[in-house]
Amino acid sequence: MLRAVPDANILVSALISPEGNSAKICARVNEFASCTSDAILKEVERVVHYDRIYKKYNLDEAIVDQHLQKLRRSHIVVSGTYEVQGVVSDPDDDKFIACALEAGAGYIISGDPHLLNLKHYRDIQIVTPKAFLEILDREKPSK
């Protein structure tokens, strides 16, 4: 089964844009092993509390808590013991590489140019949400 690490913005977008590609990916977590870490989930929680998101999308603590609980239930949460430094031009993005390495993931799903410009790291491909949906469609078993 494919393993992938959605970056924090994908997980936030899935909450605030239920018709977008990020939400479609989260809706298909039964088709791949979606992996995350506490560091990524903390970033999701921090980002959804930005005023420009929290207020604009009429979020409240119940909605945020429900989303975070759903992510914890539907994702493999790695221990976070791996550390990498200086792989991505934005050091805050190294946590996604570390998570993918620890989880044995073959993909990182991101819209972040710092990650996308890297394209791959070791055996990990860094792809857009649209590209990952196409990968899932190709990997779907025929009926």
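Side chains are part of it too, since the values below use all heavy atoms of this structure and drop only hydrogens, waters and symmetry mates.
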If you compare all heavy atoms of [X] against all heavy atoms of [Y], which two are closest, and at what distance to 0.1 Å?
| X | Y | result |
| --- | --- | --- |
| Val78 | Ser37 | CG2-CB, 3.9 Å |
| Ile10 | Gly111 | CD1-N, 4.2 Å |
| Leu115 | Ser110 | CD1-OG, 3.5 Å |
| Arg3 | Ala103 | NH1-O, 3.0 Å |

Does [X] belong to the same Ile/Leu/Val/Met/Phe/Trp/Tyr cluster as [Y], with side-chain heavy atoms less than 4.5 Å apart forming each link?
| X | Y | answer |
| --- | --- | --- |
| Leu41 | Ile53 | yes |
| Ile108 | Leu71 | yes |
| Tyr82 | Leu118 | yes |
| Ile124 | Ile135 | no |
| Phe96 | Val47 | yes |

Is it true that a side-chain atom of [X] and a backbone atom of [Y] form a donor plus acceptor pair closer than 3.5 Å?
| X | Y | answer |
| --- | --- | --- |
| Asp94 | Gly86 | yes |
| Ser17 | Ser13 | no |
| His114 | Pro91 | no |
| Glu45 | Leu68 | no |

My understanding is that only one of Ile109, Thr36, Ile40 makes a side-chain contact (heavy atoms from CB on, under 4.5 Å) with Val5; could you say which?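 The single option meeting the side-chain contact (heavy atoms from CB on, under 4.5 Å) with Val5 is Ile40.
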With Asp93, the side-chain contact (heavy atoms from CB on, under 4.5 Å) member among Val84, Ile126, Val88: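 Testing each of Val84, Ile126, Val88 against Asp93, the sole residue satisfying side-chain contact (heavy atoms from CB on, under 4.5 Å) is Val88.
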Point-to-point distance, once rounded to the nearest 0.5 Å, from [atom1] of [X] to [atom2] of [Y]:
| X | Y | atom1 | atom2 | answer |
| --- | --- | --- | --- | --- |
| Leu101 | Arg122 | CG | CZ | 5.5 Å |
| Glu139 | Phe132 | CD | CZ | 9.0 Å |
| Tyr121 | Ile97 | OH | CD1 | 7.5 Å |

Are side-chain heavy atoms of [X] and [Y] found at a separation under 4.5 Å?
| X | Y | result |
| --- | --- | --- |
| Pro6 | His75 | yes |
| Ser74 | Cys26 | no |
| Glu43 | Arg46 | yes |

CG of Asp123: more than 12 outside heavy atoms within 6.0 angstrom?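 It does not: Asp123 CG has 12 such atoms or fewer within range.
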More than 12 non-hydrogen atoms from neighbouring residues, nucleotides or ligands closer than 6.0 Å to CD on Glu61, yes or no?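 Count over threshold, so yes.
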Between Val48 and His67, is the side-chain contact (heavy atoms from CB on, under 4.5 Å) condition met? List the steps. CA-CA 10 Å; Val48 297; His67 185 63; 5.5 Å; no
Not counting sequence neighbours, which residues clear side chain to side chain contact (heavy atoms under 4.5 Å, CB included) with Glu31? List them please.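 Here the qualifying residues are Arg28, Leu136, Lys140.
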Tell me if the centroids of the rings in Phe32 and Tyr107 come within less than 6.0 Å of each other.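 Ring-ring flag for Phe32/Tyr107: false, centres at least 6.0 Å apart.
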Please walk me through it: do Lys70 and Arg73 pass side-chain contact (heavy atoms from CB on, under 4.5 Å)? CA-CA 5 Å; Lys70 183 179 178 182; Arg73 284 191 313 271; 3.9 Å; yes
Stepwise side-chain contact (heavy atoms from CB on, under 4.5 Å) test for Leu59 and Leu15: CA-CA 10 Å; Leu59 301 178; Leu15 172 65; 4.1 Å; yes
Identify, with sequence neighbours excluded, every residue that meets ring-ring contact (aromatic ring centres under 6.0 Å, His included) alongside Tyr54.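 If we apply the ring-ring contact (aromatic ring centres under 6.0 Å, His included) test to Tyr54, skipping adjacent residues, the hits are His49.
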In terms of side-chain geometry, is the basic nitrogen of Asp7 or Lys95 positioned less than 4.0 Å from the acidic oxygen of its partner?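 No salt bridge links Asp7 with Lys95.
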Short N-O contact, Glu134 and Lys130, less than 4.0 angstrom: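 Between Lys130 and Glu134 there is a salt bridge, with a charged N closer than 4.0 Å to a carboxylate O.
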